[in-house]
Chemist: 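One structure, as structure tokens, below. Some questions next.
Per chain, numbering begins at 1; letters A, B, ... match sequence-line order.
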Amino acid sequence: MTDDKDVLRDVWFGRIPTCFTLYQDEITEREAEPYYLLLPRISYLTLVTDKVKKHFQKVMRQEEVSEIWFEYEGTPLKWHYPIGLLFDLHASNTALPWSITVHFKNFPEKDLLHCHSKDVIEAHFMACIKEADALKHKSQVINEMQKKDHKQLWMGLQNDKFEQFWAINRKLMEYPPEDNGFRYIPFRIYQATTERPFIQKLFRPIASGGQLHTLGDLLKDVCPGAITPE
Amino acid sequence: ESSDDSQVAGVCTTEEVIRYEYHVLYSSSYQVPVLYFRACFLDGRPLTLEEIWRSVHVCYQDRLQEGPWDTITQQEHPILGQPFFVLHPCRTNEFISAVLAGQQEHDRHTNYIILWLSTVGPVVGLNLPLSYAKVAPEQNSNTDSA
């Protein structure tokens, strides 16, 4: 993993320039200017948009404001998906900045999870980390960590602190030298075109003959339609 | 709920009717079944997470309060893509193994799903009728756990 530090940093510091515009039917006391922000790909919308919320609430009356939610071209954006995933799924072919519409009314109960506090985001993030470790290490590494280590992972993400995050995450990315890899690879494949939200299956990093599986092997196995013939 | 004595005659408390929908899914990551559910009032208004936590039976409230975020949360249904509440599977293996070990000692046939659902269901309002436990052994033979 130390050899890959440049790649790890590039992934962590990836940003998407975004323009937030208030939905036209929201009731305002004066005109709402759009708000521009560079969004971290690896974070979550509701974690990084406090300034967006404050900006638009300044021109609205208290009684007109309930839970914030975001939408792109009519599609409610699932805050529990990483921002980079949302962009790649919905807007990767369009010109930057990414234009997101901000709502404070008519929360779409059938589409979006509620996010009333940062605790909800933390619970979701930690649940993902735990499930990934269940696949990689039968939960041994995550369960052996203390609560303060779990907290450090979350704080690292919340405060955009690469070193703080990876001090703990590197343990989740290691495996004993006698093994050649994790037990199973934690992955999810998202496609904009399917009904099912994602594909997730058990997949071992090593084939029965001992060779390392490639990304192509994974795709052939779980999502053959994604691979176009040469 | 009963009306209290201070109520004006002719006015009665309305009992809230809540409609629950339960789904049993299998988690390949944890290799256990997982209970997904949603709940709404008759007018269609969905319950909030706080309302769900409050509706957990009183005998499970202590465990819930120890770690509500580790017990019941709102999550995306992995097939339908819609918000559901989920009873977390993390502790399932602990108590299921203990019960299964006891069953095998008595050489009783075990339907894993019924055993599991009768244990976790009541936490979130799902009480299996006893008739589920009376399925004859021959019918169970395909579902014995190793």
Chemist: Less than 4.5 Å to any heavy atom of chain B: does that hold for the side chain of K78(A), its backbone, both, or neither?
Modeler: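 For K78(A), the side chain is the part near chain B, not the backbone.
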Chemist: Does E109(A) form a side-chain contact (heavy atoms from CB on, under 4.5 Å) with C40(B)? I'd like the steps, not just the answer.
Modeler: CA-CA 11 Å; E109(A) 303 277 352; C40(B) 30; over 6 Å; no
Chemist: Mind listing the closest non-hydrogen atom pair of E67(A) and H116(A) along with its distance?
Modeler: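 Nearest heavy atoms, E67(A) then H116(A): OE1-CE1, 3.1 Å.
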Chemist: As a quick check of understanding, evaluate side-chain contact (heavy atoms from CB on, under 4.5 Å) for I206(A) and L212(A), giving each step before the final call.
Modeler: CA-CA 5 Å; I206(A) 319 268; L212(A) 293 176; 3.5 Å; yes
Chemist: Please name the pair of heavy atoms, one in M145(A) and one in L172(A), separated by the smallest distance, quoted to 0.1 Å.
Modeler: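 Here M145(A) and L172(A) meet closest at CE-CG, 3.8 Å.
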Chemist: Tell me, for P46(B) versus chain A, whether the close heavy atoms (under 4.5 Å) come from the side chain, the backbone, both or neither.
Modeler: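 The answer is the side chain of P46(B).
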Chemist: Which bit of H114(A) comes within less than 4.5 Å of chain B, counting heavy atoms only: side chain, backbone, both or neither?
Modeler: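 Interface part for H114(A): both.
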